[in-house]
Colleague: 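Okay, here's the structure, questions in a sec.
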Protein chains: 2
Amino acid sequence: MSDFASQTEPAAAAHEIGDVDAYMVRLGKAARMAATQMRRAVTADKNGALLAMADHLQRDRVAVLAANAEDLARGRESGLDAALLDRLALDDARLDAMIEGLRQVAALPDPVGEIDGLHARPSGIQVGQMRVPLGVIGIIYESRPNVTMEAASLCLKSGNACILRGGSEAWASNAAIASCIRSGLREAGLPEATVQVVSTTDRAAVGCLISMPEYVDVIIPRGGKSLIERVSREASVPVIKHLDGVCHVYIDATADPEKALAIAVNAKTQRYGTCNTMETLLVDAPVSESLLPRLAAAYAEHGVALRGCDRTRAVLGDIPVASEEDWYAEYLAPVLAIRVVDGIEAAIEHIERYGSHHTDAIITDHYGLARRFMAEVDSSSVIVNASTRFADGFEYGLGAEIGISTDKLHARGPVGLEGLTTRKYVVLGDGQVRR
Amino acid sequence: MSDFASQTEPAAAAHEIGDVDAYMVRLGKAARMAATQMRRAVTADKNGALLAMADHLQRDRVAVLAANAEDLARGRESGLDAALLDRLALDDARLDAMIEGLRQVAALPDPVGEIDGLHARPSGIQVGQMRVPLGVIGIIYESRPNVTMEAASLCLKSGNACILRGGSEAWASNAAIASCIRSGLREAGLPEATVQVVSTTDRAAVGCLISMPEYVDVIIPRGGKSLIERVSREASVPVIKHLDGVCHVYIDATADPEKALAIAVNAKTQRYGTCNTMETLLVDAPVSESLLPRLAAAYAEHGVALRGCDRTRAVLGDIPVASEEDWYAEYLAPVLAIRVVDGIEAAIEHIERYGSHHTDAIITDHYGLARRFMAEVDSSSVIVNASTRFADGFEYGLGAEIGISTDKLHARGPVGLEGLTTRKYVVLGDGQVRR
């Protein structure tokens with residue numbers, strides 16, 4: 001029995017569509033056709049559409065905010081919690097950020113068409129790899145309506161068509177944003193089906209979207225762990241997923257203590273709710289007595305609750321013991337687990353056993369240990385002497401990101417425009433045949 | 001109900017293992033541990049193991065051939081057809097090729113550890129991408145025992161551990177080859193579990209292998225379409241798959257007729273059973289009357305049976321009409337479907353509708369049309385003025401290939417050592433924290 005059985009979400013019972021399967025197949029076919037046209041769209045037209053979308057959003061400000069107010073009122077009525085309402089809310093500052101985001105994506109270099117490594121073979125043919133759009137991308141996300149514009153802009157710039165399925169609580173906001181998107185596409189002479197926003201709140205739409213490999217090339221779920229796990233389990237379309245970030249900082253005995261302190265505090269406290277926030281701190285035994293009290297004092301200032309292994313508690317005294325579950329935990333909160341380990345070997349073993357292969361850092365001034373940590377830690381980002389909080393598309397210079405992949409195939413780590421493309425082989429000949 | 005329900009294949013009822021699930025989990029755990037050690041294996045040790053494996057195969061020639069003779073006898077008894085027996089058979093020439101293959105893989109550059117694009121960011125960190133092994137690769141294949149050595153060598157060189165599940169009809173041959181592999185690994189000081197050959201012929205082993213994401217990072221099925229489809233449908237581990245090759249050659253009116261003739265004949269007749277063989281020929285209407293009779297004469301010489309659309313038949317007369325199914329067909333035989341089309345637009349439309357996105361070629365002397373075909377045909381290899389038969393790892397200079405992927409994510413087209421690796425981000429800092 002599918003987790004996405006037909007069931008309209010409570011917040012928006014009004015937006016039903018008779019035959020969801022048939023509706024989604026219509027969207028799929030239109031997207032496939034748009035993708036074919038988008039493969040030959042030139043950069044100037046794609047940028048033109050992005051800038052026109054920004055202008056429409058600017059002009060339709062009042063309408064978009066009014067639609068959002070509707071969603072917020074309905075959300076309050078149906079008892080959404082404060083955090084959800086905050087993610088759902090748009091205001092002038094958030095609209096400005098969306099408009100600015102569109103202009104930034106327009107300014108990014110277009111990855112499509114680039115040919116790498118073209119070289120001559122003994123047979124006389126030349127072989128290279130050309131970067132091309134993936135085709136049709138399905139994106140499933142939750143309450144934040146600005147994701148609609150962000151996802152649309154990245155898919156469009158990378159030459160893909162996309163089908164966006166946002167949260168039902170943002171239905172009116174997404175519809176208003178979709179209207180700006182369509183106007184922008186139309187003005188640039190690009191097919192309107194390049195970006196389609198699913199207009200039913202029936203959950204069966206998700207089940208359809210993830211099982212139409214003939215129309216959809218890849219699914220990107222953005223949201224809570226349970227959404228991503230359900231989508232991965234049920235999808236017959238390949239999924240680029242971003243699961244949890246159980247990130248570690250390991251302070252080796254060879255670390256510069258001041259840098260270690262600064263990084264360990266920043267990695268935990270700079271923001272609590274992000275996937276690249278440190279959740280477990282590993283401290284090399286020889287420096288545990290000198291560093292742990294200073295770290296504990298700094299964390300206390302930030303109101304971070306600590307729990308530790310027995311050796312940590314032997315130094316810090318009265319903090320709760322970290323259970324086996326703590327080592328697996330993604331707190332997303334001012335809570336930190338601390339473990340004292342015996343050197344890099346034990347640190348790597350802990351990270352490989354309990355971590356989520358997202359982002360892990362070592363603090364050391366020892367060349368060989370830095371090199372070893374980089375080679376052996378099997379995570380999407382491996383960091384030497386810097387905060388785990390750097391692991392994102394903007395900090396890495398991708399310009400923007402659609403998510404951070406914890407998969408190993410295709411895209412690993414922050415996924416920008418390049419992650420939304422693939423490479424095909426191109427062969428240039430002059431009549432060559434195979435002997 | 002799983003297609004891989006517990007069921008011992010008829011050819012080898014002898015090789016059963018009590019609890020297949022527990023057995024496969026043991027292999028999985030050992031592979032995961034070996035993969036961890038292989039991540040830090042240096043190139044010299046990996047090459048040492050490959051060369052030692054070649055020496056052992058050379059020394060154990062008699063034993064391997066005796067084991068193969070056993071398989072062949074059992075195969076004849078159980079009524080395997082001639083083609084299968086041929087794929088199963090080893091002889092001195094095939095052993096020599098396996099030994100030579102090992103030496104070639106040892107001579108290939110090691111992709112692991114390469115760092116691309118390391119660049120400084122405004123924050124002061126340096127960001128790059130490091131090529132690393134995928135981890136544990138499961139390979140499921142059919143009768144050819146030389147695949148055991150080929151797959152083992154490519155996985156080992158790229159720093160991965162692998163679990164190989166060959167066909168039950170090659171059980172004894174695979175066991176003999178596995179023994180050479182283990183000896184080679186041992187001599188080089190690498191973990192023996194780096195390459196494990198599944199020693200049960202119970203089909204349930206396949207079902208286990210494709211649903212242990214905690215121990216296996218990717219599955220590569222090699223074999224018939226039904227095997228690959230079943231694996232893709234049931235796997236919870238990501239699959240790199242190679243489905244059918246319905247390849248096209250499109251002869252545009254601007255083609256050099258002599259080159260067109262040579263390529264169209266080579267692409268069909270150089271080998272019939274390969275996935276990069278042309279299955280449908282598209283001919284631009286203005287040159288159909290001049291080219292089709294010459295093409296038909298050449299195909300007749302090779303004994304290729306033609307079938308065509310009405311316009312083809314209007315020129316060639318008495319050939320059968322091509323049905324809708326013919327346009328979808330991968331004949332893998334001396335059979336060719338021919339269609340007359342009106343220009344590049346119709347050709348691309350046909351290829352996108354009926355093709356399998358494997359390999360497609362255009363023959364033209366027109367710059368703009370060549371450029372358009374390259375950009376718009378959504379296939380893993382797009383070829384201008386050369387035979388589709390060039391689409392393989394050796395011709396492209398990859399050195400060796402483990403298959404040809406028709407997927408879009410991760411690896412597309414011929415998959416060599418690089419396709420068995422992934423890239424993680426590495427960040428080098430000097431105490432940087434995020435502001």
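Labels below follow one simple rule: chain letters A, B, ... track the order of the sequence lines, proteins then strands, and each chain is numbered from 1.
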Colleague: Of the backbone (N, CA, C, O) and the side chain (C-beta and beyond), which part of A:Thr359 lies under 4.5 Å from a heavy atom of chain B, both, or neither?
Modeller: neither
Colleague: Counting a contact as any heavy-atom pair under 4.5 Å apart, which residues of residues 35-42 of chain B contact chain A?
Modeller: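 Result: B:Arg39, B:Arg40.
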Colleague: Side chain, backbone, both or neither: which part of B:Ile362 has a heavy atom under 4.5 Å from chain A?
Modeller: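 Neither part.
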Colleague: Using heavy atoms and a sub-4.5 Å threshold, report which of residues 365-374 of chain B line up against chain A, by residue number.
Modeller: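 Hits under 4.5 Å: B:Arg372, B:Met374.
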Colleague: Counting a contact as any heavy-atom pair under 4.5 Å apart, which residues of residues 118-125 of chain B contact chain A?
Modeller: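 Listed by number, the contacting residues are B:His119, B:Arg121, B:Ser123, B:Ile125.
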Colleague: Using heavy-atom distances under 4.5 Å, tell me whether B:Ser379 contacts chain A through its side chain, its backbone, both, or neither.
Modeller: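 Interface part for B:Ser379: backbone (N, CA, C, O).
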Colleague: Looking at CG of B:Asp378 and CG of A:Asp217, how far apart are the two atoms once the value is rounded to the nearest 0.5 Å?
Modeller: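 Answer rounded to 0.5 Å: 7.0 Å.
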Colleague: Using a 6.0 Å cut-off, check whether atom CD of A:Glu349 has over 12 heavy atoms from anything other than its own residue.
Modeller: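 12 or below, so no.
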Colleague: Where on B:Val265 is there a heavy atom nearer than 4.5 Å to chain A: the side chain, the backbone, both, or neither?
Modeller: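 Neither part; nothing is under 4.5 Å.
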Colleague: First locate atom OG of A:Ser381, then atom CD of B:Gln129, and finally report the distance between them rounded to the nearest 0.5 Å.
Modeller: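 If I round to the nearest 0.5 Å, the distance is 9.0 Å.
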Colleague: At a 4.5 Å cut-off on heavy atoms, which part of B:Gln270 comes close to chain A: side chain, backbone, both, or neither?
Modeller: side chain
Colleague: For B:Glu376, look at atom CD and say whether over 12 heavy atoms of other residues, nucleotides or ligands are found less than 6.0 Å away.
Modeller: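 Buried by this count: over 12 neighbours within 6.0 Å.
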Colleague: Which atoms of A:Val384 are under 4.5 Å from chain B, going by heavy atoms: the side chain, the backbone, both sets, or neither?
Modeller: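 Both parts, backbone and side chain.
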Colleague: Checking heavy atoms, do the side chain of B:Glu395, its backbone, both or neither come under 4.5 Å from chain A?
Modeller: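 Contact with chain A involves both backbone and side-chain atoms of B:Glu395.
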Colleague: Which atoms of B:Val218 come close to chain A, meaning under 4.5 Å heavy atom to heavy atom: side chain ones, backbone ones, both, or neither?
Modeller: side chain
Colleague: Under 4.5 Å heavy-atom distance to chain A, tell me which part of B:Ser380 shows up: side chain, backbone, both or neither.
Modeller: backbone
Colleague: Count the heavy-atom pairs under 4.5 Å between each of B:Thr388, B:Ile115, B:Val377 and chain A, then report the option with the highest count.
Modeller: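 Highest number of heavy-atom pairs under 4.5 Å: B:Val377.
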Colleague: For chain A, which candidate among B:Gly413, B:Gly397, B:Gly419 shows the most heavy-atom pairs at distances under 4.5 Å?
Modeller: B:Gly397
Colleague: What residue, out of A:Val382, A:Ile240, A:Val239, A:Asp256, has the most heavy-atom pairs lying under 4.5 Å from chain B?
Modeller: A:Val382
Colleague: Under 3.5 Å, is there a donor-acceptor pair between the side chain of A:His410 and the main chain of B:His410?
Modeller: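 Flag set: sc A:His410 to bb B:His410 pair under 3.5 Å.
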Colleague: Who in residues 422-435 of chain A is close to chain B, using a strict under-4.5 Å heavy-atom cut-off?
Modeller: A:Thr422, A:Arg423, A:Lys424, A:Tyr425, A:Val426, A:Val427, A:Leu428, A:Gly429, A:Asp430, A:Gly431, A:Gln432, A:Val433, A:Arg434, A:Arg435
Colleague: At a heavy-atom separation under 4.5 Å, does B:Asp392 approach chain A through its side chain, its backbone, both, or neither?
Modeller: side chain
